Amino acid sequence: MDFTESVLMRVSLIPKGNVATYKGIATSLGDPNLSRAVGNALNSNLDPENVPCYRVVRSDGLVGGYRLGPSAKEKKLRADGIKIMKGRIIGLERYLFRFP
DNA sequence: ATTATGACCGAAG
DNA sequence: GCTTCGGCCATAA
């Protein structure tokens with residue numbers, strides 16, 4: 001299975017109300033330095049119906065990019081009950097999802 | 001094969 | 001706090 005597939009698979013595991021970081025995904029795949037590549041993977045392959053890629057944010061708490069625009073991403077996160085201010089998640093720690 | 005790009009990260013100013 | 005910069009790595013050109 002290729003890189004992009006594995007990424008999407010992990011992302012589909014993130015429960016509502018939780019988020020994961022690009023770095024976190026990368027690490028769960030075995031290499032913390034893949035963070036940038038992870039972002040790329042989500043950008044090219046998007047399956048909004050099956051993969052909640054809006055739940056993937058930057059490790060510094062900034063919401064980060066989204067294919068359909070940053071505002072759309074924020075909106076969805078808020079809908080999940082996550083607090084955001086000035087493009088940054090408040091208290092990222094308490095939402096973070098850790099992969100099994 | 002080589003180069004450019006991007007939904008990133010951490011350290012430094 | 002913020003901005004800049006170098007380093008990362010999988011894709012696309």
Side-chain angles (χ1 to χ4, degrees):
Chain A
M1 100 181 326
D2 71 2
F3 177 75
T4 305
E5 264 178 276
S6 335
V7 172
L8 297 178
M9 217 155 287
R10 289 301 196 303
V11 173
S12 66
L13 296 178
I14 308 173
K16 175 175 179 176
N18 282 67
V19 299
T21 64
Y22 295 97
K23 185 62 181 299
I25 306 261
T27 302
S28 88
L29 292 176
D31 183 351
N33 300 31
L34 289 168
S35 52
R36 204 163 185 179
V38 167
N40 278 325
L42 294 181
N43 183 41
S44 48
N45 279 37
L46 180 51
D47 251 323
E49 299 300 322
N50 308 309
V51 185
C53 56
Y54 65 88
R55 293 183 183 143
V56 185
V57 304
R58 299 181 23 161
S59 51
D60 59 4
L62 285 169
V63 170
Y66 195 56
R67 208 145 190 292
L68 311 175
S71 61
K73 187 170 181 177
E74 280 194 32
K75 191 172 149 195
K76 294 219 172 213
L77 287 170
R78 288 178 195 283
D80 278 16
I82 294 171
K83 282 191 175 185
I84 301 175
M85 181 172 207
K86 286 305 170 190
R88 189 181 303 272
I89 292 184
I90 311 301
L92 177 64
E93 306 297 322
R94 81 175 170 239
Y95 300 116
L96 265 181
F97 174 72
R98 310 232 190 274
F99 292 90

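Everything quoted here is computed from the prediction, not taken from an experiment. The sequence lines fix the lettering, A, B, ..., with proteins before strands; numbering per chain opens at 1.
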J.: N/O contacts under 3.5 Å, protein versus nucleotides 11-13 of chain B?
T.:
none

J.: Could you state whether A:Val11 and A:Leu77 fall into the same hydrophobic cluster, counting links through intermediate Ile, Leu, Val, Met, Phe, Trp or Tyr residues with side-chain heavy atoms under 4.5 angstrom apart?
T.: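 Not linked; separate clusters.
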J.: Measure the NZ-CD1 distance between A:Lys76 and A:Ile82 for me, rounded to the nearest 0.5 Å.
T.: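 The NZ atom of A:Lys76 sits 13.0 Å away from the CD1 atom of A:Ile82.
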J.: Taking any heavy-atom pair under 4.0 Å as a contact, classify A:Arg88: base, sugar-phosphate, or nothing.
T.: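 The residue A:Arg88 makes sugar-phosphate contact but no base contact.
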J.: Spell out, yes or no, whether A:Val19 and A:Leu8 are grouped together once hydrophobic residues are joined by side-chain heavy atoms under 4.5 Å, including indirect joins.
T.: no
J.: Just to confirm, is there a sub-4.0 Å distance from OP1 or OP2 of B:dC9 to any side-chain nitrogen or oxygen of A:Ser59?
T.: yes
J.: Indicate, with a heavy-atom threshold strictly under 4.0 Å, whether A:Leu34 touches base, sugar-phosphate, or nothing.
T.: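 Sugar-phosphate, no base atom in range.
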J.: Separation of A:Asp60 atom CG from B:dG10 atom P, in whole Å?
T.: 8 Å
J.: Is it true that A:Phe97 and A:Met9 fall in one hydrophobic cluster, defined by side-chain heavy atoms closer than 4.5 Å?
T.: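 A:Phe97 and A:Met9: separate clusters.
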J.: Nearest 0.5 Å, please: how far is CZ in A:Arg55 from CG in A:Leu13?
T.: 11.0 Å
J.: Closest approach of A:Ala26 and A:Pro32, non-hydrogen atoms and distance?
T.: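 So the two residues come closest at CB-O, 4.0 Å.
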J.: Ignoring hydrogens and angles, does a donor from either the side chain of A:Arg36 or the base of C:dC9 sit under 3.5 Å from an acceptor on the other?
T.: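 No, no donor-acceptor pair under 3.5 Å.
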J.: Quick check on the hydrophobic clustering: are A:Leu96 and A:Ile25 connected, directly or via other members, by side-chain heavy-atom contacts under 4.5 Å?
T.: no
J.: Mind listing the residues from residues 3-33 of chain A sitting with a heavy atom below 4.0 Å of DNA chain C? Number order is fine.
T.: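 Close to the strand are A:Phe3, A:Thr4, A:Asn33.
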J.: After noting the C-alpha distance and the side-chain angles of A:Asp80 and A:Tyr95, does the key distance pass the side chain to side chain donor-acceptor pair (under 3.5 Å) rule?
T.: CA-CA 11 Å; A:Asp80 278 16; A:Tyr95 300 116; over 6 Å; no
J.: Applying a strict under-4.5 Å side-chain criterion to I, L, V, M, F, W and Y, I'd like to know whether A:Tyr54 and A:Leu92 cluster together.
T.: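 Looking at the clustering, A:Leu92 is in the same group as A:Tyr54.
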J.: Can you tell me the distance, in whole Å, between the CG atom of A:Leu62 and the P atom of B:dC9?
T.: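 These atoms are roughly 9 Å apart.
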J.: CZ of A:Arg67 versus P of B:dG6: gap in Å, rounded?
T.: 12 Å
J.: Please state whether the phosphate of B:dA7, meaning OP1 or OP2, lies under 4.0 angstrom from any side-chain nitrogen or oxygen of A:Asn43.
T.: yes
J.: By nearest heavy atom, map A:Ser35 and A:Asn40 onto DNA chain C; which one lands nearer the 5' end?
T.: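 This one resolves to A:Ser35.
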J.: Take the protein atom CZ of A:Arg58 and the nucleotide atom C1' of B:dG10, then report the distance between them rounded to whole Å.
T.: 11 Å
